[in-house]
Colleague: 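Input: one structure, supplied below.
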Protein chains: 2
Amino acid sequence: MGSPSTATRISGRRQRSSSGHTPVPATRFDRRLKEILAHATDVFCKKGYEGASMRDLSRASGMSLAGMYYYFESKERLLFLIQKHTFSTIVQRLKARLEGVDDAEQRVRIFILNHLEYFLANQQAMKVLSHEAEVLKNGFASELAAIKREYYRICVGLLDDLKGERDLQFTTRIAVLSLFGMMNWIYTWHNPRVDADADAIAREMGDIFLRGVMTGGKSRRDGR
Amino acid sequence: MGSPSTATRISGRRQRSSSGHTPVPATRFDRRLKEILAHATDVFCKKGYEGASMRDLSRASGMSLAGMYYYFESKERLLFLIQKHTFSTIVQRLKARLEGVDDAEQRVRIFILNHLEYFLANQQAMKVLSHEAEVLKNGFASELAAIKREYYRICVGLLDDLKGERDLQFTTRIAVLSLFGMMNWIYTWHNPRVDADADAIAREMGDIFLRGVMTGGKSRRDGR
DNA sequence: ACTTTGTTCGAACGAACGTTCGAATTAGCC
DNA sequence: GGCTAATTCGAACGTTCGTTCGAACAAAGT
């Protein structure tokens with residue numbers, strides 16, 4: 001009837017995933033979308049955002065090209081959904097793990113472990129997050145930047161606490177970004193058949209970073 | 001006259017840049033190619049390899065689309081030329097700087113400074129090198145991988161020397177790759193209007209990394 | 001002057017791109 | 001069964017992609 005073409009934009013159908021917690025099943029729509037996101041993550045990981053075509057993505061999901069657009073309105077939004085979900089999850093898990101831990105050094109170690117554990121368990125998603133960090137535009141970009149900034153600020157807070165507690169003298173910004181570099185670079189080299197698991201790597205990176213940042217503060221370097 | 005179409009492939013014209021040292025002028029061909037590489041580096045840096053079209057690249061060089069193919073036979077080879085030149089230069093400069101320096105710690109500091117100095121002075125080229133590290137295929141990929149491996153091995157050597165000299169106990173592979181991560185990640189955050197220059201950052205990253213790696217070796221951690 | 005070689009370009013190629021549309025199919029409910 | 005809404009798809013849209021071709025222009029050698 002009416003005009004099925006213009007303006008409709010199906011948009012009404014899109015907003016699912018009730019703000020509360022759906023225990024498991026969610027709607028059919030949500031379940032299928034989740035599958036598509038998972039397959040798309042694989043493809044983006046292997047070929048990059050620009051290098052992956054909508055035809056590649058649809059093939060990976062076992063869905064027709066046109067059918068994809070029932071679930072999201074553009075390729076860019078698909079990337080956004082992947083990145084947002086990945087990043088939100090890691091922030092949320094971090095908050096849960098930090099709760100109840102008071103020791104400043106221990107809190108930094110938890111940050112590192114949380115990051116690396118999630119990174120290695122969801123390597124493809126994290127590569128897409130790290131490697132395609134600049135491709136989103138405008139609205140998508142700023143919404144993701146907000147989550148990113150929150151995560152960054154948490155880490156700044158942890159290091160500033162440590163710095164205050166022990167009277168250290170590093171530049172927080174450099175330290176935080178060096179730490180992110182150490183951790184995020186892992187997607188370029190980690191090979192599960194050669195390298196240790198997340199716990200071991202987190203311990204070793206934590207050792208390097210924490211000793212590096214905690215040695216030689218204002219507090220006497222000699223034995224005095 | 002013969003057949004100008006098939007098989008010619010102009011290839012003979014390509015091999016320039018005499019193995020020796022051309023003092024400055026080089027051939028006209030070489031000079032123009034260098035300009036094109038410089039402009040292409042800008043564009044690849046801004047839009048990524050897949051995101052940059054040959055039309056973008058030709059526009060940036062002020063040359064026609066078809067004209068570009070007089071200088072290189074494919075977009076992939078263009079990226080290869082950029083990456084190879086960038087990487088070769090950084091390795092070559094490193095070797096020169098290491099010559100004559102014996103102290104193991106000092107040699108690691110030189111490695112870090114050399115990397116960061118070149119990184120910040122040629123930020124676009126280094127971003128293209130870091131970010132588009134996986135797009136080349138087959139022959140191009142393996143030739144570049146060889147340079148990469150040489151650079152990596154140099155760093156492993158420096159750290160193993162340090163480790164042997166001072167009886168330390170870190171995992172070299174993890175340490176090297178953590179260091180690369182710290183340094184290479186810089187392309188995602190460095191802002192010349194906010195952040196310090198290469199010397200200062202190299203000093204601070206060097207402090208973090210070297211203290212991290214040198215503290216708490218086999219040599220007693222307690223005062224015994 | 002003519003010839004040769006090096007350099008540039010407009011126009012076009014077929015293929016692949018992201019996205020849309022309307023019709024067909026399926027699932028859920030009476 | 002039949003009705004409605006949710007889901008899927010084939011076919012096509014117009015655009016852009018990387019690359020090629022042959023003709024045109026400029027430089028260098030004689």
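The sequence lines fix the lettering, A, B, ..., with proteins before strands; numbering per chain opens at 1. On a predicted model such as this, the values are computed, not experimentally measured, just so you know.
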Colleague: Evaluate the ring planes of A:Phe111 and A:His115, with Trp represented by its six-membered ring, and classify them as parallel (under 30°), tilted (30 to 60°) or perpendicular (over 60°).
Modeller: parallel
Colleague: Calculate the interatomic distance between B:Leu33 atom CG and C:dT8 atom C1'; express it in whole Å.
Modeller: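 My rounded result for the distance is 15 Å.
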Colleague: Would A:Asp42 and A:Lys127 pass as an ion pair if we require N to O under 4.0 Å?
Modeller: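 So A:Asp42 does not pair with A:Lys127 through a salt bridge.
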Colleague: Using a 3.5 Å limit for the pairing distances, which stems of at least 3 consecutive Watson-Crick or G-U wobble pairs does DNA chain C take part in?
Modeller: C:3-27 with D:4-28
Colleague: Starting at atom CE of A:Met68, determine the distance to atom P of C:dC21, rounded to an integer number of angstrom.
Modeller: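 Going from A:Met68 (CE) to C:dC21 (P), I get 19 Å.
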Colleague: Rounding to a whole Å, what distance do you find between A:Met54:CE and C:dA15:P?
Modeller: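 Value for this atom pair: 22 Å.
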Colleague: Which nucleotide in the list D:dT8, C:dT19, C:dT7 gets nearest to the side chain of A:Lys75?
Modeller: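 Nearest listed nucleotide: C:dT19.
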Colleague: Quick one: which of D:dA6, C:dT7, D:dT19 gets closest to the side chain of B:Tyr70?
Modeller: C:dT7
Colleague: Nearest to the side chain of B:Ala66, which nucleotide is it out of C:dT8, C:dT7, D:dC21?
Modeller: D:dC21
Colleague: Using whole Å, report how far CG of B:Leu78 lies from P of D:dT19.
Modeller: 10 Å
Colleague: A:Tyr69 has a side chain; which of C:dC17, C:dT7, C:dT20 sits nearest to it?
Modeller: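 The closest nucleotide is C:dT20.
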Colleague: Looking only at side-chain atoms of A:Met63, point me to the closest of D:dG18, C:dG6, D:dC9.
Modeller: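 Between D:dG18, C:dG6, D:dC9, the one nearest the side chain of A:Met63 would be D:dC9.
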Colleague: Return the value, rounded to whole Å, for the distance between atom CD of B:Glu50 and atom C1' of D:dT16.
Modeller: 14 Å
Colleague: Does the distance from a Lys or Arg side-chain N to an Asp or Glu carboxylate O, for A:Arg97 and A:Glu117, drop under 4.0 Å?
Modeller: yes
Colleague: What nucleic acid atoms does A:Arg55 come within less than 4.0 Å of, heavy atoms only: base, sugar-phosphate, or nothing?
Modeller: base
Colleague: Could you check A:Gly51 against B:Ser64 and say which one's nearest nucleotide on DNA chain C is further toward the 5' end?
Modeller: B:Ser64
Colleague: side-chain contact (heavy atoms from CB on, under 4.5 Å) for B:Tyr71 and B:Glu35? Distances and angles first, verdict last.
Modeller: CA-CA 11 Å; B:Tyr71 288 92; B:Glu35 285 174 31; over 6 Å; no
Colleague: Rounded to whole angstroms, how far apart are CG on A:Leu65 and C1' on C:dC17?
Modeller: 10 Å
Colleague: Please report, rounded to the nearest Å, how far the P atom of D:dT19 is from the CZ atom of B:Arg77.
Modeller: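 In whole Å, D:dT19 P lies 13 Å from B:Arg77 CZ.
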Colleague: Determine, for A:Glu99 against A:Arg107, whether the closest basic-nitrogen to carboxylate-oxygen distance falls under 4.0 angstrom.
Modeller: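 Salt bridge between A:Glu99 and A:Arg107, a charged N being under 4.0 Å from a carboxylate O: no.
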Colleague: If you measure from the Lys or Arg side-chain nitrogens to the Asp or Glu carboxylate oxygens, is any gap between B:Glu150 and B:Arg153 under 4.0 Å?
Modeller: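 Looking at B:Glu150 and B:Arg153, the cut-off is not met.
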Colleague: Please determine whether salt bridge (Lys or Arg N to Asp or Glu O under 4.0 Å) holds for the pair A:Asp195 and B:Arg173, giving the CA-CA distance in whole Å, both sets of side-chain angles, and the decisive distance to 0.1 Å.
Modeller: CA-CA 9 Å; A:Asp195 293 300; B:Arg173 176 173 160 85; 2.6 Å; yes
Colleague: Output the rounded distance in Å from CG (A:Leu79) to P (C:dG18).
Modeller: 13 Å
Colleague: Closer than 4.0 Å, any side-chain N/O of A:Ser53 to the OP1 or OP2 of C:dC17?
Modeller: yes
Colleague: Looking at D:dA6, I'd like to know if its phosphate oxygens (OP1 or OP2) sit under 4.0 Å from a side-chain N or O belonging to A:Arg32.
Modeller: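 A:Arg32 to D:dA6 OP1/OP2: no side-chain N or O under 4.0 Å.
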